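Each remark here refers to the structure printed beneath this line.
Remember, it's a predicted structure, so these values are computed and weren't measured experimentally.
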Amino acid sequence: MSVKSYRAAIREALEHEMQRDPDVVLIGQDLAGGAGGGGEDDAWGGPMAVTKGLVGKFGRERVLDTPVSEAASIGAAVGAAAAGLRPVAELMFCDFIGVCCDQILNQAAKYRYTFGGQDQVPLTIRTTIGAGQQLGSQHSQALYPLFSYFPGLKVVVPATAYDAKGLLATAIRDNDPVIFCEHRLLYRLREDVPDESYTIPFGEARIVEEGGDVTVVALSRMVHVAAEAVRALREDGIDCDLIDPRTTTPLDTDTIFDSVEATGRLVIVDEAGPRCGTASDIAAIVAEEMFNALRAPIRRVTPPYAPVPAAPELERSYVPDASRIIAAVRSVMER
Amino acid sequence: MSVKSYRAAIREALEHEMQRDPDVVLIGQDLAGGAGGGGEDDAWGGPMAVTKGLVGKFGRERVLDTPVSEAASIGAAVGAAAAGLRPVAELMFCDFIGVCCDQILNQAAKYRYTFGGQDQVPLTIRTTIGAGQQLGSQHSQALYPLFSYFPGLKVVVPATAYDAKGLLATAIRDNDPVIFCEHRLLYRLREDVPDESYTIPFGEARIVEEGGDVTVVALSRMVHVAAEAVRALREDGIDCDLIDPRTTTPLDTDTIFDSVEATGRLVIVDEAGPRCGTASDIAAIVAEEMFNALRAPIRRVTPPYAPVPAAPELERSYVPDASRIIAAVRSVMER
Amino acid sequence: MTELSTPYAPSREGLRGAYRTMRRIRCFEERLHAEFAAGRVPSSVHLYAGQEASAAAICAHLGAQDYLHNTHRAHGPAIARGADLIAITKEIYLRAGGLCQGKGGSPHLHDARLRLIGANGGVGSGAALACGSALAIRHRQENGVAVALLGDGACNQGVVSESFNLASVWKLPVVFAIENNGYAEATATSYAIAGDNLAARGPAFGMPSTRVDGADYFAVHEAAGVAIECARSGGGPSLVEIMAPRFYGHYEGDAQKYRAPGEVAELRRTRDCLTRLRQRMIDEYQFSTAEIDAMDAEIGVDIDRAFAEAAAAPPPDPALLMRDIYADRSGL
Amino acid sequence: MTELSTPYAPSREGLRGAYRTMRRIRCFEERLHAEFAAGRVPSSVHLYAGQEASAAAICAHLGAQDYLHNTHRAHGPAIARGADLIAITKEIYLRAGGLCQGKGGSPHLHDARLRLIGANGGVGSGAALACGSALAIRHRQENGVAVALLGDGACNQGVVSESFNLASVWKLPVVFAIENNGYAEATATSYAIAGDNLAARGPAFGMPSTRVDGADYFAVHEAAGVAIECARSGGGPSLVEIMAPRFYGHYEGDAQKYRAPGEVAELRRTRDCLTRLRQRMIDEYQFSTAEIDAMDAEIGVDIDRAFAEAAAAPPPDPALLMRDIYADRSGL
Ligand SMILES: Cc1ncc(C[n+]2csc(CCOP(=O)(O)OP(=O)(O)O)c2C)c(N)n1
Ligand SMILES: Cc1ncc(C[n+]2csc(CCOP(=O)(O)OP(=O)(O)O)c2C)c(N)n1
Ligand SMILES: [Mg+2]
Ligand SMILES: [Mg+2]
């Protein structure tokens with residue numbers, strides 16, 4: 001056990017899995033960096049410096065830098081997975097999904113089904129999500145609801161370094177295509193993480209706080225923002241269950257249902273969009289399955305229905321903050 | 001007024017708008033057909049024969065056949081729209097969105113916002129949706145929820161020939177990017193449609209049936225399937241409001257809310273998927289805004305969380321049918 | 001356009017196999033055409049007739065370690081790769097026992113054991129998947145190659161250009177085999193391909209390339225052989241453009257008004273790979289007409305059986321709707 | 001590679017303007033580099049220094065009816081196209097009064113009135129958008145052209161190849177101006193571009209193409225002139241590959257370890273378009289050092305003012321968060 005950043009925890013999971021299974025290969029832009037140039041190898045170690053050091057340990061045959069060609073690269077990763085490798089492809093920003101989503105949504109997701117179950121596609125796609133760096137409308141989105149829409153994919157949204165490490169190991173060992181969404185603002189988050197390899201099963205939510213008055217479900221970075229709100233609310237006498245689903249497919253509805261059964265009140269906090277998003281998804285499932293337990297409207301705390309603006313002041317008002325969560329929890333307590 | 005098919009109604013709207021505004025141009029594969037060949041011009045008139053005859057009236061300068069290059073073609077349509085034309089681009093199957101969704105979700109949707117409101121993007125993208133032709137997992141989807149996720153787009157899902165004609169005229173005259181989703185199984189649907197040009201405003205649901213016991217919201221082809229269910233239920237003494245939102249962005253929540261206020265019961269019928277789809281979207285909005293009126297769980301009748309299989313027997317059990325709608329309505333009446 | 005010119009003369013036995021394959025495909029497609037016209041085929045089918053030399057010649061060079069990525073015009077390549085004719089037919093009929101259990105259908109013919117990879121809905125996607133197969137082959141040091149069949153129209157998908165470049169950058173053992181049949185749907189290649197020459201794209205993306213007459217089995221056999229051998233021996237990717245006529249419509253039911261009157265008849269007369277091969281086998285390789293006719297008859301029997309079995313097969317098990325969405329179901 | 005060789009000699013007045021533009025860009029970028037290092041610039045910025053001749057020479061041929069599609073390395077082309085320096089700086093600082101009201105930022109510099117089109121998040125997308133601008137120009141018979149600036153790395157996006165082909169098929173008045181600065185992020189072009197020659201892609205997609213030294217203003221001016229004139233006069237698209245060094249990192253903060261030691265210093269010494277132009281203006285066009293120094297001083301004042309105004313500008317109006325999502329709000 002030692003203190004590690006979310007970034008380092010992800011790198012460790014990659015390293016462990018590459019050691020464990022020679023069929024694990026990394027595919028992406030500048031994962032090493034320096035290809036073809038006159039300077040250092042491993043010059044970047046990934047655009048977010050997550051894969052730093054891996055090319056030195058595993059060589060360019062297993063850390064494959066690509067041209068700026070996501071469709072071909074992710075398509076190749078799909079093909080390689082179906083042919084028996086266990087590739088981990090990196091999509092630098094989830095916002096770029098637009099140039100390679102045929103490969104993800106049609107090909108990876110439907111390969112096994114369309115061909116009648118002949119194959120498996122043990123592919124992991126690591127991508128980054130989130131606002132907060134003033135990168136504007138096309139480098140700040142949290143597009144995992146798109147992935148959840150499609151059966152055949154699994155979707156992971158780790159909020160902590162511990163979860164990131166264990167869930168990435170699970171993702172890589174999983175025999176289905178998994179989209180692993182790293183929040184860029186979490187890369188520097190530091191906490192105690194075991195040094196050895198471990199896995200965390202998919203479809204098991206983490207109960208971050210136990211309260212009993214209101215169920216708060218939050219994902220990815222919003223878990224931390226919600227935790228701040230929950231702490232503040234506790235001082236005012238409102239005790240929340242805070243649940244982090246950790247994977248949106250599979251989704252641990254049992255844990256959410258158990259909590260809602262007890263509280264009768266649900267607030268969902270999500271950085272993805274308000275329409276056809278993960279917050280809507282969970283709200284709809286609960287409104288269908290747990291209606292009798294509900295004592296108040298289901299509140300969703302999400303960004304507004306707008307693209308992400310670049311200016312920091314606008315961006316701050318775009319992303320949900322603790323005060324909005326507190327207000328939502330209070331509003332459902334009024335019932 | 002004369003009896004017209006959904007296909008003919010769409011063609012008429014295209015023709016009227018092209019007559020009305022010389023800046024309307026059509027862009028797509030085989031919209032005429034026969035380019036470069038030794039045979040007839042206008043040999044196909046569109047892969048679904050929707051644009052038949054238009055090249056003869058408006059010439060190849062306004063009916064632009066493209067190579068099989070959706071990214072470039074739709075990208076060009078976005079560029080042309082921002083530069084002042086009013087293009088109508090065709091995406092043959094919505095399932096192909098994967099090869100051009102950067103153009104739609106990032107570029108068209110965010111152009112105006114990202115550049116601080118300097119421009120408008122009066123683009124219409126006609127695409128086709130739906131299962132029922134044994135075309136399998138990648139030619140049968142109903143992907144409009146993906147479009148609804150993104151602010152900046154408008155989304156139209158006409159269920160009738162009348163609506164298709166009027167809404168397409170509105171789409172073309174609208175100054176924002178509009179995704180116009182034609183259900184392939186509806187092309188042969190015939191009904192009385194005015195011969196002259198008319199428009200139908202976006203964001204105004206159509207009340208198909210008035211009942212009062214249960215609110216049934218259905219979209220696109222599901223409106224017809226739901227209507228069948230509603231008729232059967234009426235014979236059993238259950239009277240449903242049947243509402244067709246017609247556009248999912250903007251979404252006419254007022255009409256839905258008014259109905260739910262009266263009935264307290266909501267069943268949503270949709271051919272799009274069960275997770276992060278339009279049914280979830282509407283359910284979440286109602287569970288948040290109209291909770292006090294609700295007397296029963298919100299039921300969603302959608303396909304299962306599975307890709308679309310090709311075999312007709314499997315495909316029939318994939319698509320919602322009247323019996324599943326009837327069962328859902330009965331289940332909410334039990335409360 | 002680089003000239004690839006090592007001689008790859010097929011053996012007499014090889015010719016017998018090639019003829020059998022091509023005849024089988026032709027016979028299958030003609031039968032399917034008739035069945036479709038009679039309203040007995042569900043869904044949508046794209047016939048391969050006219051292009052047989054392409055699949056047959058390519059497959060003549062492929063072994064069990066190699067991958068073949070199919071297109072939506074899938075029947076011919078599936079037959080040439082040796083997939084079970086009955087399972088193919090059942091799949092096209094969307095019945096139980098189909099190659100993909102009736103869940104894929106005609107365009108998605110796929111047989112994992114044969115490393116025959118079915119096409120995706122979006123044309124051209126096989127180019128990138130083939131780069132992945134090639135990566136896996138190389139990783140496992142299997143001494144194999146991946147061949148991506150691509151239509152001329154599909155080459156205008158961006159992913160194909162990206163894959164050309166990626167294969168060159170990674171020096172992958174891939175062959176991009178473009179079947180240029182002159183059309184993408186109702187649009188002529190001469191309109192849609194700037195320069196009307198796909199082979200020229202090879203060198204632009206760092207690959208040798210060649211263009212051959214797809215009506216000439218020998219020419220395709222040689223060009224495919226050179227490209228596949230180059231990939232197999234570590235020489236990296238190449239591109240082969242095979243000019244092969246399409247004898248039927250884009251799909252069955254296509255009225256083909258975009259073709260000149262008499263165009264197909266002329267192509268059948270002058271550019272039929274099957275009759276040309278047959279003639280050359282008789283003229284240059286001492287095959288007797290009787291011997292060839294016997295092969296034809298045998299094939300006719302196989303085809304009859306495949307269609308009879310498909311027509312009699314039950315629909316897929318209803319439970320298949322929810323099966324094989326995931327390989328690992330824990331947590332779901 | 002087709003040779004384009006009509007002489008397009010710039011006038012003395014043209015040179016003065018070009019120098020002013022290039023100097024303005026250089027001065028701006030150097031100042032921004034310093035401001036960034038001092039922690040005063042929000043977000044992420046990509047500097048254009050070293051590539052000035054490209055934007056300046058291209059813009060020398062463009063009129064009000066023409067479109068220029070920018071890349072993420074946006075400051076230089078925006079300045080060359082004549083966008084307001086203060087509004088540019090405010091946009092980079094994400095302040096009120098920025099070119100895009102502070103909603104876009106450095107990579108998205110866009111001025112609709114100048115027909116300067118901002119880049120999208122995904123590199124390469126301007127290639128297709130430019131086809132659209134060109135379509136609109138032709139439709140309105142404006143006698144204009146659309147120029148798409150593209151990075152070398154961006155050319156590996158499928159949409160760029162698709163756009164090359166589409167522009168040729170539709171014979172659009174487009175010029176694809178590739179600014180090959182040797183890198184895409186930390187990856188050298190020599191690795192990522194098979195054949196290391198983007199100009200070769202032009203003919204493969206039916207277009208004339210040429211490759212020029214981006215350190216030589218005169219060469220870029222001629223090549224751009226030929227290509228733009230060809231497009232303007234109905235000759236269709238062409239491709240110009242401009243070999244232009246990048247003097248800073250991919251973005252500010254990039255440690256650039258992937259570059260050889262001394263590489264940038266050597267490039268600055270041997271391939272600086274600005275010092276070369278200056279020298280030639282003095283040697284061949286009788287400009288005096290004093291005259292040029294005076295221009296430099298004037299530009300320094302403009303730059304100082306722009307940064308001062310940007311630093312003092314307020315943040316954008318909070319209401320902008322929900323504004324300009326749609327142009328037509330009825331029903332919403
Ligand atoms: C991305 C995409 N766009 C359009 C289509 C529709 N489509 C199916 S087959 C076809 C023609 C492809 O032409 P080509 O690649 O030459 O193959 P051919 O049919 O001639 O064998 C098209 C456009 C598709 N399947 N995928
Ligand atoms: C589709 C896509 N993939 C990756 C990126 C990340 N990215 C931003 S700039 C850049 C480098 C592009 O290189 P090049 O086109 O040569 O432009 P340069 O930065 O050298 O001017 C990359 C890969 C992106 N913006 N879009
Ligand atoms: Mg073809
Ligand atoms: Mg570059």
Item to check | Contact summary for B:Pro250 and D:Gly331, nearest pair of heavy atoms | outcome: CB-O, 3.0 Å
Next on the checklist: Give me the atom names and distance for the closest heavy-atom approach of D:Ala136 to B:Ala83.
Outcome noted: CB-CB, 3.6 Å
What part of [X] gets closer than 4.5 Å to chain D, counting heavy atoms only: side chain, backbone, both or neither?
| X | answer |
| --- | --- |
| B:Ile27 | side chain |
| B:Arg60 | neither |
| B:Val99 | neither |
| B:Thr247 | neither |
| B:Glu70 | backbone |
| B:Glu204 | neither |
| B:Asp252 | neither |

Item to check | Neighbours of chain B found in residues 315-322 of chain D - heavy atoms under 4.5 Å | outcome: D:Leu320, D:Leu321
Checklist entry - Does anything in residues 87-114 of chain D get under 4.5 Å of chain B by heavy atoms, and if so which residues? => result D:Leu99, D:Cys100, D:Gln101, D:Lys103, D:Gly104, D:His108, D:His110, D:Asp111, D:Ala112
What's the separation between atom [atom1] in [X] and atom [atom2] in [Y], rounded to the nearest 0.5 Å?
| X | Y | atom1 | atom2 | result |
| --- | --- | --- | --- | --- |
| D:Leu129 | B:Ile74 | CG | CD1 | 12.0 Å |
| D:Leu135 | B:Glu61 | CG | CD | 8.0 Å |
| D:Asn120 | B:Tyr111 | CG | OH | 8.0 Å |

If you define the side chain from C-beta out and look only at heavy atoms, does anything of [X] sit under 4.5 Å from [Y]?
| X | Y | answer |
| --- | --- | --- |
| D:Ile325 | B:Pro151 | yes |
| D:Tyr326 | B:Asp174 | no |
| B:Thr66 | D:Trp170 | yes |

Pick from [options]: which one has the most heavy-atom pairs with chain D under 4.5 Å?
| options | value |
| --- | --- |
| B:Leu153, B:Thr249, B:Thr253 | B:Leu153 |
| B:Lys154, B:Arg112, B:Lys110 | B:Arg112 |
| B:Gly203, B:Ala82, B:Gly75 | B:Gly75 |
| B:Gln107, B:Gln103, B:Gln120 | B:Gln107 |
| B:Gly117, B:Ala71, B:Pro67, B:Ala81 | B:Ala71 |

Checklist entry - Under a 4.5 Å heavy-atom cutoff, which of D:Gly122, D:Ser125, D:Cys131 has the most pairs with chain B? => result D:Ser125
Checklist entry - Which of the residues D:Leu172, D:Val169, D:Leu166 is involved in the greatest number of heavy-atom pairs with chain B at under 4.5 angstrom? => result D:Leu166
Where on [X] is there a heavy atom nearer than 4.5 Å to chain B: the side chain, the backbone, both, or neither?
| X | answer |
| --- | --- |
| D:Arg115 | neither |
| D:Tyr67 | side chain |
| D:Ala148 | neither |
| D:Asp328 | both |
| D:Ser330 | backbone |

Next on the checklist: For B:Arg62, is there any backbone N or O sitting under 3.5 Å from a side-chain donor or acceptor partner on D:His139?
Outcome noted: no
Checklist entry - So, the side chain of B:Asp176 versus the backbone of D:Ala327: is there a donor-acceptor pair under 3.5 Å, distance only? => result yes
Item to check | D:Arg305 atom CZ, over 12 foreign heavy atoms within 6.0 Å | outcome: no
